[in-house]
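To start, the structure itself, in structure tokens.
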Amino acid sequence: MNIKKETIIFIPCHNCEDYVMATLREIPSDLNNEIEVLIVDNISSDNTVATIEKNINEFPFKIHFIKNQINVGYSGSQKIAFTKVCEYPNVKRIIMLHGDGQYPGELLSLLKPYFDKGYDFINGYRSKKNFPLIDTTPWPTYFIIKLLSKIESLATGIDCKEWHSGFVMYSTKFLRKLPIPHLTNTMHIDGEIIMIAGLLKARYKSIPIYKRYKKYS
């Protein structure tokens, strides 16, 4: 693996055969010359890997593959990706974009203005106010996420608008400060990183995004 670009789009996958190609195709064309993609596959039992490899030449950006031999879970995939990109001094940022399409690739355009603004991380918070017609988060889920995030912000003193967002851009400068191997192995890794960011007085920002649930698991 030889990563040359400053921006890496990290796509964790597990049985995303039905969605991953659409996710890749949704990456905005104005980013084509600025990015490389790193896919970490957690031993998918469907044709996720074969589907991507069959169509890999379709894309103008380089796609790297890490194929796990065991399922290391959501957090394990993140730790593998973060550790790998931090090996490259030229990489400045990594953006997580789920392979199941719940975060549309077009959202990457919302992050581009912040590429060189000095933020340690930027995460997206679902907003029916900003995207009333296209955010399809079920209302019960939406209210629970908002309530949990409010409680977590009050409990920690870290004002983050969504503690459960999987659409995040991290600077590698920030990631190199983290004890990556020792982060949690649970689904709560995103929140744990936010807590560490608060302890480190990191510079962060939350931006409004939308999620889609219809036809997505």
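Because only heavy atoms are used, hydrogens play no part in the values below, and waters and symmetry mates are left out as well, while side chains stay in.
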In Ile151, Asn123, Ile158, Leu148, the residue satisfying side-chain contact (heavy atoms from CB on, under 4.5 Å) with Trp163 is Ile158
For residues 191-203, dump all side-chain donor-acceptor pairs below 3.5 Å to protein atoms at least two apart in sequence or in another chain.
from: Glu192; atom 1: OE1; to: Thr184; atom 2: N; distance (Å): 2.6
from: Arg203; atom 1: NH1; to: Lys117; atom 2: O; distance (Å): 2.4

Would you call the rings of Tyr119 and Tyr114 parallel, tilted or perpendicular if under 30° counts as parallel and over 60° as perpendicular?
-> perpendicular
Shared hydrophobic cluster, Ile39 / Ile95 (ILVMFWY, side-chain heavy atoms < 4.5 Å) | yes
Validation row: Ile52, Phe65 side chains within 4.5 angstrom (heavy atoms) = yes
Determine whether Ile122 and Ile207 make a side-chain contact, defined as any pair of heavy atoms from C-beta on separated by less than 4.5 Å.
-> yes
Under a 4.5 Å cut-off applied to non-hydrogen side-chain atoms, are Phe115 and Met169 in contact?
-> yes
Neighbour count above 12 (heavy atom, 6.0 Å) for Met1 CE | yes
Atom CD1 of Ile66 and atom NZ of Lys84: how far apart are they, to the nearest 0.5 Å?
-> 6.0 Å
Scanning both residues in full, the closest heavy-atom pair of Ser127 with Asn130 reads OG-OD1, 2.7 Å
Measure from the side-chain N and O atoms of Ser77 to the backbone N and O of Pro12, and report whether any donor-acceptor pair falls under 3.5 Å.
-> no
Less than 4.0 Å between a side-chain N and a carboxylate O, is that true for Glu87 and Arg176?
-> no
Side-chain donor/acceptor of Tyr103 to backbone N/O of Gly166, under 3.5 Å | yes
Note: Pro28 and Gly105 closest approach over all heavy atoms is CD-O, 3.3 Å
Quick one: does Leu175's side chain get under 4.5 Å of Leu178's, heavy atoms only?
-> yes
Could you check Lys112, Lys5, Lys62 and say which one makes a salt bridge (Lys or Arg N to Asp or Glu O under 4.0 Å) with Glu34?
-> Lys112
In short, salt bridge (Lys or Arg N to Asp or Glu O under 4.0 Å) pairs touching residues 133-149 with sequence neighbours left out are Lys128-Asp135
Should Phe61 and Val85 be regarded as members of a common hydrophobic cluster, given that ILVMFWY residues are connected when their side-chain heavy atoms come within less than 4.5 Å of each other, either directly or indirectly?
-> no
With no hydrogens and no angle check, is any side-chain donor or acceptor of His14 less than 3.5 Å from a backbone partner on Asn42?
-> yes
Report the C-alpha distance between Leu97 and Phe10 in whole Å, list the side-chain angles of each, state the deciding distance to 0.1 Å, and finish with yes or no for side chain to side chain contact (heavy atoms under 4.5 Å, CB included).
-> CA-CA 6 Å; Leu97 183 68; Phe10 158 49; over 6 Å; no
Ignoring hydrogens and geometry, is there a side-chain-to-backbone donor-acceptor pair from Asn15 to Ser45 under 3.5 Å?
-> yes
Atom pair CZ (Phe167) and CG (Leu110), whose distance is rounded to the nearest 0.5 Å | 6.5 Å
Counting only N and O atoms by type, is there a donor-acceptor contact under 3.5 Å from the side chain of Ser75 to the main-chain atoms of Asn185?
-> yes
Rounded to the nearest 0.5 angstrom, the CD1-NZ distance for Ile145 and Lys211 is 7.5 Å
Atom pair CD (Glu36) and NZ (Lys4), whose distance is rounded to the nearest 0.5 Å | 8.0 Å
Give the minimum heavy-atom separation between Ser149 and Lys161, together with the two atoms involved.
-> CB-O, 3.7 Å
Between the side chain of Glu17 and the main-chain N/O of Asp46, is any donor-acceptor distance below 3.5 Å?
-> no
Val168 and Leu108: same hydrophobic cluster, using ILVMFWY side-chain contacts below 4.5 Å?
-> no
Please determine if Arg126 and Glu162 form a salt bridge, counting it only when a charged side-chain N lies under 4.0 Å from a carboxylate O.
-> yes
Decide if atom CG of Asn33 counts as having more than 12 heavy atoms of other residues, nucleotides or ligands within a radius under 6.0 Å.
-> no
Parallel, tilted or perpendicular: rings of Trp139 and Tyr142 (30°, 60°) | perpendicular
Begin with the C-alpha distance, continue with both residues' side-chain angles, and end with the deciding distance and a verdict on side chain to side chain contact (heavy atoms under 4.5 Å, CB included) for Glu6 and Asn90.
-> CA-CA 6 Å; Glu6 294 182 349; Asn90 55 297; 5.5 Å; no
Beyond-backbone contact of Glu58 with Arg25, side-chain heavy atoms, under 4.5 angstrom | yes
Common cluster, Val72/Leu38, ILVMFWY with side-chain heavy-atom separation under 4.5 Å | yes
Can you find a pair of side-chain heavy atoms, one from Pro181 and one from Leu183, that are under 4.5 Å apart?
-> no
Identify, with sequence neighbours excluded, every residue that meets side chain to side chain donor-acceptor pair (under 3.5 Å) alongside Asn55.
-> none
Using a distance-only test with no angle check, is there a side-chain donor-acceptor pair under 3.5 angstrom linking Asp41 and Ser44?
-> yes
Heavy atoms only: give me the nearest Gly99-Ile11 pair and the separation to one decimal.
-> CA-CG2, 3.5 Å
What's the verdict on side chain to side chain donor-acceptor pair (under 3.5 Å) for Tyr88 and Asn2, showing C-alpha distance, side-chain angles and the deciding distance?
-> CA-CA 9 Å; Tyr88 294 85; Asn2 185 18; 5.3 Å; no
Can you tell me if Arg93 and Ser171 form a side-chain donor-acceptor pair at under 3.5 Å?
-> no
Are Met96 and Val91 linked, directly or through other ILVMFWY residues, by side chains that come within less than 4.5 angstrom of each other?
-> yes
Just by modelled atom types, is the Pro60 backbone N or O under 3.5 Å from a matching donor or acceptor in the Asn32 side chain?
-> no
Cationic tip of Lys79 above Phe82 ring, under 6.0 Å, 45° of axis = no
Side-chain heavy atoms of His164 within contact of Asp190, under 4.5 Å | no
For the side chain of Thr48 and the backbone of Cys16, is there at least one donor-acceptor N/O pair under 3.5 Å apart?
-> yes
With rounding to the nearest 0.5 Å, note down the distance linking OH in Tyr74 to CD1 in Ile189.
-> 8.0 Å
For the side chain of Glu53 and the backbone of Thr51, is there at least one donor-acceptor N/O pair under 3.5 Å apart?
-> no
CD1 on Ile134 to CD1 on Ile209, rounded to 0.5 Å | 10.5 Å
Evaluate the side-chain proximity of Thr7 to Leu31: yes if any heavy-atom separation is below 4.5 Å, no if none is.
-> no
Kindly give the heavy-atom pair with the smallest separation between Gln69 and Lys67, and that separation in Å.
-> NE2-O, 3.3 Å
